[in-house]
Amino acid sequence: MSKTKPSLPRGTRDFGPEIMSKRSFIIDIIKKNFIKYGFAQIETPAMENLSVLTGKYGDEGDQLLYKILNSGDFLSKTSKEDIEKGSRHLTTKISEKGLRYDLTVPLARFVVMNQNEITFPFKRFQIQPVWRADRPQKGRYREFYQCDADIIGSKGLWSEVELTLLLTDVFHDLRLEDYIIKINHRAFLFSFAELVGLKYQTISFCTEIDKIDKIGEDRVAENLKALGANISQINEVLSLFKENDKGIVLERLLNIGVNKEVISNINSYFEALAMSFDKKIKVELDLSLARGLSYYTGMILEVKSTGVQMGSIGGGGRYDDLTGVFGLKGISGVGISFGLDRIYDVMEELKLFPEEIASRPDVLIVHFSEENLKHAYRIVSGLRDKGIKAELYPETAGIRKQFDYSDKIGVPYTLIVGDNEMNSGRYMLKDMKTGNQEPLKMDEVMRRLKQN
RNA sequence: GUGGUUGUAGCUCAGUUGGUCAGAGCGCCGGAUUGUGGUUCCGGAGGUCGCCGGUUCGAGACCGGUCUUCCACCCCA
């Protein structure tokens, strides 16, 4: 048998115990808040039929889809012609499933397939990995977790407000304060594109607009001009981006022909957030925000860390007709997504993880002999029955070694079981931080440990 | 997918123009100390220098390929 060196596919990672306790810390907070806001959890398969996935994320997205080779003799249904027609065509012959690319399209499929069982508005959350055949970088992985909350089948503005409050609560609970929620509306972008004369190239227009903080206004203006945009109108749009007064911005938007209803919606959204919710809400209207998947049609939103150089740590928006592609018309939805892995990276870099989240027992029992060890069987079991996280050093060993181990795992207390203790019925409970120890009866030991 | 970048002990990194350059610190294991850890002291184990091939009398250092890391483009959580 040949020995192979173990390795991991590019852009994927193992998560050891310390990393997992931190990831769980984040997930638990997100999940707790999802539930608090009335969302119910669902899960969907890692793989979907390619017919569900393809064409939903644009050409770029299709390229980033992981396709699964058909089982068995995957060439049996292909001909020489299929190969000659190129890889794109051939793919359809040898692969019919793919790994999920996000959680929104699977949700749309789920809603359509279960429309008769679902009560609308349908509020669901989903925390699962997704896969993209992207080139990995810092904060960019080929396998990563999304934590989505969506409200399907409601057009009310309260949904947007509620999701904004939810975002705020989660970041507050994580103690991650250096972030900003940027919002924009697709209708604004469409109007801008029309204004500069790129009505039929809105995608290209948005792509350029999105690069403003990266390459600067001047180069964006150049690029737009190259696309055929009118220079004076470009300048008008760019100046609008810099306007800080929200009232003036909304007025100017009205002047350039943005739908009145959309403007009043945005206005109502900010008015709602301005009400006292006893929270610091960090939302900012950013007219140059042009990202988001191709299916967003209304408000779009992105969460940026202001403390760390990192792509967005969350995003979301409203999609008026997500289920339309699967034959269910007239269902509007709005959703947000937390990027677990990026939130992790940000929190790690900012050292925001509390120290006490590592999983460790409350007490470790140490001993001197086989007899002591056996005597401790009942003790450790008794402690556990009281709900105390107790661990017993599993074999006889030097007491020094056992204390060394206690240190390594960071256990706050050790309970010493030796001949003295067995004879007196009083067990030595040692506080590992102070080094103080005290002989105590078992019920007193339990009382002390329960306090912590 | 395109261009560039990185890769030496578990970790962080030294290693001069190819010729005792296979090293340090930390960590790990053992002992000093068989009823007491975090300090100290002593000792020890670990690497075919990412992998494959080439140039050379000789390669960790040079060349090619490949994998990985990070960066830019693209796009995104």
Side-chain angles (χ1 to χ4, degrees), chain A residues 4-13 16 26 30 57-65 87-88 100-104 127-148 203-204 206-208 210-211 214-215 289-294 296 300-305 309-317 335-346 364 366-369 372 393 396-422 427-437 439:
Chain A
T4 52
K5 249 190 184 170
S7 65
L8 231 38
R10 188 179 202 177
T12 67
R13 296 140 315 146
I26 299 172
I30 291 173
Y57 310 104
D59 287 343
E60 200 69 42
D62 285 353
Q63 230 175 3
L64 298 179
L65 279 176
S87 54
R88 197 163 178 166
R100 91 162 83 74
Y101 178 90
D102 72 354
L103 300 179
T104 306
I127 299 172
Q128 287 190 275
V130 302
W131 294 268
R132 295 181 189 178
D134 207 348
R135 201 172 273 207
Q137 281 183 38
K138 187 183 176 191
R140 172 177 292 196
Y141 307 98
R142 286 184 160 174
E143 178 182 63
F144 61 95
Y145 268 69
Q146 289 192 333
C147 313
D148 279 28
I203 302 273
S204 307
C206 287
T207 304
E208 292 307 323
D210 189 49
K211 291 183 200 163
K214 212 161 206 174
I215 64 175
L289 173 64
R291 276 190 248 186
L293 298 167
S294 43
Y296 289 133
I300 53 179
L301 135 193
E302 178 173 281
V303 186
K304 286 275 300 175
S305 163
Q309 184 78 28
M310 175 77 65
S312 61
I313 55 176
I336 53 167
S337 179
F338 292 89
L340 170 67
D341 305 80
R342 284 186 178 173
I343 291 172
Y344 178 97
D345 288 346
V346 166
L364 175 80
V366 299
H367 43 79
F368 299 95
S369 67
N372 297 158
Y393 197 87
T396 52
I399 194 71
R400 175 172 289 268
K401 192 174 175 183
Q402 297 182 61
F403 275 118
D404 221 36
Y405 175 77
S406 311
D407 250 359
K408 297 262 169 59
I409 65 171
V411 66
Y413 289 94
T414 49
L415 188 71
I416 302 167
V417 175
D419 294 343
N420 299 343
E421 285 79 3
M422 282 174 66
Y427 298 87
M428 202 64 92
L429 183 67
K430 176 164 180 157
D431 182 328
M432 292 303 284
K433 203 173 266 174
T434 64
N436 297 336
Q437 59 186 36

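In what follows, every chain begins at residue 1, and chains take the letters A, B, ... in the order their sequences are listed.
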Considering only G30(B), C71(B), G37(B), which nucleotide approaches the side chain of Lys138(A) most closely?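 Closest nucleotide among those given: C71(B).
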
Of the options A77(B), C70(B), G3(B), whose atoms approach the side-chain atoms of Gln146(A) most closely? A77(B)

Do you see a donor-acceptor pair shorter than 3.5 Å between the side chains of Asp134(A) and Tyr141(A)?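 Checked: Asp134(A)/Tyr141(A) side chains show no N/O donor-acceptor pair below 3.5 Å.
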
Within the 3.5 Å criterion, strictly below it, is a donor on Asp210(A) or Thr207(A) matched to an acceptor on the partner's side chain? no

Does Gly61(A) reach a base, just sugar-phosphate, or nothing at all? Heavy atoms under 4.0 Å.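 It contacts nothing in the nucleic acid.
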
Pick base, sugar-phosphate or nothing for Gly58(A), based on heavy-atom distances below 4.0 Å to the nucleic acid. nothing

Stems where RNA chain B pairs, listed by first number, each of three or more Watson-Crick or G-U pairs under 3.5 Å: B:1-4 with B:70-73, B:10-13 with B:23-26, B:28-32 with B:40-44, B:50-54 with B:62-66

Under 4.0 angstrom between Thr414(A) side-chain N/O and U36(B) OP1 or OP2: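 Indeed not, no polar side-chain atom of Thr414(A) lies that close.
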
A side-chain contact here means heavy atoms from C-beta on lying under 4.5 Å apart; do Met428(A) and Glu421(A) qualify? yes

Within-4.5 Å side-chain heavy-atom neighbours: Leu415(A) and Val366(A):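 With C-beta onward as the side chain, the pair stays apart.
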
Shorter than 3.5 Å, N or O on both sides, protein versus nucleotides 25-28 of chain B: list them out with atom names.
from, atom 1, to, atom 2, distance (Å)
C28(B), OP1, Lys408(A), NZ, 3.3

Base of [N], side chain of [X] - is there a donor-acceptor contact under 3.5 Å?
{"X": "Arg10(A)", "N": "C67(B)", "answer": "no"}
{"X": "Gln437(A)", "N": "U36(B)", "answer": "yes"}
{"X": "Asp407(A)", "N": "G37(B)", "answer": "yes"}
{"X": "Asn420(A)", "N": "G35(B)", "answer": "yes"}

Chi class for G46(B): syn within 90° of 0, otherwise anti: syn

Applying the 5.5 Å / 30° rule, does Phe338(A) stack onto the base of A77(B)?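 So Phe338(A) does not count as stacking on the base.
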
Can Asp341(A) and Arg140(A) be counted as an ion pair, charged N to O under 4.0 angstrom? no

G60(B) to C49(B) separation - P atoms, rounded to the nearest Å: 7 Å

Restricting to ring pair (Phe, Tyr, Trp, His ring centres under 6.0 Å), what partner residues turn up for Tyr344(A), sequence neighbours left out?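 Tyr344(A) satisfies ring pair (Phe, Tyr, Trp, His ring centres under 6.0 Å) with Phe353(A) only.
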
